[in-house]
Colleague: 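Input: one structure, supplied below.
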Amino acid sequence: HGTMGECIACSRAVKGLPLAHRVVKAGAVVSSTYRRALEAEGVDPDAPLHVSLAACRADRVIERGDGPTLVYVHGRGGLPSTYATRRAEWWSRGALGALGRIVLPGAPEHPTNRTAWLDYKDDAWTPTAASLRAARDRVAAVIRREAAAGREVWVAGYSEGCCVGLGAALAANARGFVGINGRAPPLDADGDDGASFPIVVYHGAADETIPRDRALRDFAALGRSYAPIAVEGAAHGLADDEGRILDHGLRRLGLAAE
């Protein structure tokens, strides 16, 4: 199991077809060049098959045995299936290998993206109270469920998942939090029960999607102690380094490597 593109590429490889001119975003107009290529293969560009990403958006749980739980909150456009399959090797690294369960909640489909946790006000920065509350409560329920089963629960989040994950961790009193290339929830967001736990925040110094200076101002405004760490030269997308940073953050917070 992988992304839609990988599934289609595998299908075409099995059939011996060239791996091109096949994936079209829903609602997109097929250009004349690609239309001719598709028609040459006997494909009707006006009658595409529709592939649902519902299975990829669904929550995933990776069972590892004894050990604490990590609730990892993906970013805007992310999919739990990506972290459960294409990035499966992460969960045997260092401190990540000491985890007993990795819970990957999935954001819903959004009109502007394949997944999104939040809507934003006109400034394109501040999340709306309703969307933040809904996302935070959903992830907080996962944290409480894991804690009720007697597990120690750590939380982490990337990009938009950082804002949602920290809000949920504050509402449900997690063991600790690692933020990666994200921002803090607004100071006036409700749901904070006064919980106190260690917070470490990693941010790419070259991140233009969520600028580090602006994000750190939000963390400072939250009024909680946290450790900010700049990742020199890193942009917003981190690829495999996202997993390495997550491992480093959990070690820094005290989760021992296996």
Side-chain angles (χ1 to χ4, degrees), residues 3 70-84 86-91 93-96 102 104-107 110 112-118 120 123-127 132 135-136 139 154-170 174 176-187 189 197-255 257:
T3 65
L70 172 69
V71 177
Y72 193 61
V73 189
H74 67 74
R76 193 177 190 87
L79 296 165
S81 62
T82 300
Y83 293 93
R86 295 171 63 195
R87 296 176 179 173
E89 71 277 5
W90 286 12
W91 313 116
R93 293 175 180 167
L96 300 176
I102 301 97
L104 305 164
H110 192 272
T112 65
N113 214 311
R114 59 185 184 180
T115 62
W117 293 106
L118 302 174
Y120 293 89
D123 63 2
W125 179 264
T126 307
L132 179 57
R136 180 205 64 216
V139 176
W154 302 77
V155 182
Y158 166 74
S159 189
E160 190 172 84
C162 177
C163 179
V164 173
L166 181 53
L170 291 169
F177 179 81
V178 179
I180 303 173
N181 278 5
R183 49 158 298 184
L187 182 62
F197 50 80
I199 299 171
V200 61
V201 178
Y202 295 81
H203 214 114
D207 188 345
E208 296 181 356
T209 302
I210 300 179
R212 179 172 181 267
D213 290 346
R214 188 171 184 183
L216 292 184
R217 287 198 296 272
D218 282 358
F219 277 101
L222 201 58
R224 291 179 174 272
S225 177
Y226 75 103
I229 299 176
V231 183
E232 295 300 332
H236 189 69
L238 297 167
D240 200 51
D241 284 339
E242 183 185 339
R244 295 186 177 93
I245 291 169
L246 176 59
D247 173 35
H248 189 274
L250 290 174
R251 288 172 185 256
R252 185 181 176 95
L253 293 183
L255 181 61

Colleague: Side chain to side chain contact (heavy atoms under 4.5 Å, CB included), that's the test. Do W154 and L250 meet it? Break it down for me.
Modeller: CA-CA 8 Å; W154 302 77; L250 290 174; 4.1 Å; yes
Colleague: With a sphere of 6.0 Å drawn around CD of E208, does it hold more than 12 non-hydrogen atoms of other residues, nucleotides or ligands?
Modeller: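 No, CD of E208 has 12 or fewer neighbouring heavy atoms, counting only those of other groups under 6.0 Å.
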Colleague: Got a sec, which residues hit salt bridge (charged side-chain N to carboxylate O under 4.0 Å, His left out) with R214, two or more places apart in sequence or on another chain?
Modeller: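 With sequence neighbours excluded, R214 shows a salt bridge (charged side-chain N to carboxylate O under 4.0 Å, His left out) to no residue whatsoever.
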Colleague: Measure the acute angle between the ring planes of W117 and H74, then classify it against the limits of 30° and 60° as parallel, tilted or perpendicular.
Modeller: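 Answer is tilted, since the angle falls between 30° and 60°.
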Colleague: Is any side-chain heavy atom of V231 less than 4.5 Å from a side-chain heavy atom of H203?
Modeller: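 Side-chain contact under 4.5 Å: no.
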Colleague: Quick one: does any side-chain atom of D207 pair with a main-chain N or O of A235 as donor and acceptor, under 3.5 Å?
Modeller: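 Between the backbone of A235 and the side chain of D207 there is no qualifying donor-acceptor contact (under 3.5 Å).
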Colleague: Got Y158 and H236 here, is their nearest side-chain heavy-atom distance under 4.5 Å?
Modeller: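 A side-chain contact under 4.5 Å exists here.
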Colleague: So which pairs with a foot in residues 232-252 pass salt bridge (charged side-chain N to carboxylate O under 4.0 Å, His left out), sequence neighbours left out?
Modeller: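 Residue pairs passing salt bridge (charged side-chain N to carboxylate O under 4.0 Å, His left out), neighbours aside: R87-E242, R93-D240, D240-R244, D241-R244, D247-R251.
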Colleague: Ignoring hydrogens and geometry, is there a side-chain-to-backbone donor-acceptor pair from Y226 to V201 under 3.5 Å?
Modeller: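 No: the side chain of Y226 does not pair with the backbone of V201.
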Colleague: Does the side chain of L222 reach to within under 4.5 Å of the side chain of L166, using non-hydrogen atoms?
Modeller: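 Contact flag for L222/L166 side chains = yes.
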Colleague: Hey, could you give me the CG/CD1 distance between N181 and I245, rounded to the nearest 0.5 Å?
Modeller: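 That separation rounds to 6.5 Å.
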Colleague: Kindly say whether G77 contributes a backbone atom to a donor-acceptor pair with the side chain of R114 at under 3.5 angstrom?
Modeller: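 Yes.
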Colleague: Would you say I210 and S159 make side-chain contact, with heavy atoms under 4.5 Å?
Modeller: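 Yes, their side chains come closer than 4.5 Å.
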Colleague: Please report the interatomic distance CH2(W90) to CG(L96), rounded to the nearest 0.5 Å.
Modeller: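 Those atoms lie 8.5 Å apart.
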Colleague: What closest approach, in Å, do G165 and V73 show between heavy atoms, and which atom pair accounts for it?
Modeller: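 Of all heavy-atom pairs spanning G165 and V73, the closest is CA-CG2, 4.0 Å.
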Colleague: Can you measure from CZ (R224) to CD1 (I199) and round to the nearest 0.5 angstrom?
Modeller: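 Answer for the CZ-CD1 pair, R224 versus I199, is 6.5 Å.
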Colleague: For D123, which residues count as a side-chain contact (heavy atoms from CB on, under 4.5 Å) partner, sequence neighbours excluded?
Modeller: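 D123 satisfies side-chain contact (heavy atoms from CB on, under 4.5 Å) with K121, W125, T126 once adjacent residues are dropped.
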Colleague: Please report the closest heavy-atom contact between A205 and G233, naming both atoms and the distance.
Modeller: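 Smallest heavy-atom distance, with atoms named: CB-N, 4.2 Å.
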Colleague: Look up atom CD in E160 and atom OG1 in T115, then write down how far apart they are to the nearest 0.5 Å.
Modeller: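 Going from CD on E160 over to OG1 on T115, the span is 8.0 Å.
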Colleague: If the condition is side-chain contact (heavy atoms from CB on, under 4.5 Å), which residues does A156 pass it with, not counting sequence neighbours?
Modeller: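 Result, side-chain contact (heavy atoms from CB on, under 4.5 Å) vs A156: L70, Y72, V178, L246.
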Colleague: Any side-chain heavy atom of C163 sitting closer than 4.5 Å to one from L118?
Modeller: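 In short, these two side chains touch, coming nearer than 4.5 Å.
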Colleague: Answer yes or no: is there a side-chain heavy-atom contact under 4.5 Å between L132 and P185?
Modeller: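 Side chain of L132 against side chain of P185, heavy atoms only: contact under 4.5 Å found.
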Colleague: Partners of N113 by side-chain contact (heavy atoms from CB on, under 4.5 Å), sequence neighbours excluded?
Modeller: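 N113 satisfies side-chain contact (heavy atoms from CB on, under 4.5 Å) with R76 once adjacent residues are dropped.
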Colleague: Would you name the heavy atoms of L216 and P228 that are closest together and state the gap between them?
Modeller: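 Where L216 meets P228 most closely, the heavy atoms are CD2-CB, 4.0 Å.
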Colleague: Could you tell me whether the side chain of C162 reaches within less than 4.5 Å of the side chain of F219, counting heavy atoms only?
Modeller: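 When only atoms from C-beta onward are counted, C162 and F219 do touch, with a gap below 4.5 Å.
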Colleague: Is there a side-chain contact between L253 and F177 (heavy atoms, below 4.5 Å)?
Modeller: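 With C-beta onward as the side chain, the pair stays apart.
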Colleague: In chain order, what residues pass the salt bridge (charged side-chain N to carboxylate O under 4.0 Å, His left out) check against D218, with sequence neighbours excluded?
Modeller: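 D218 satisfies salt bridge (charged side-chain N to carboxylate O under 4.0 Å, His left out) with R183 once adjacent residues are dropped.
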Colleague: I need the minimum non-hydrogen distance between G106 and P80, along with the two atoms involved.
Modeller: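 That closest heavy-atom pairing would be CA-CG, 3.4 Å.
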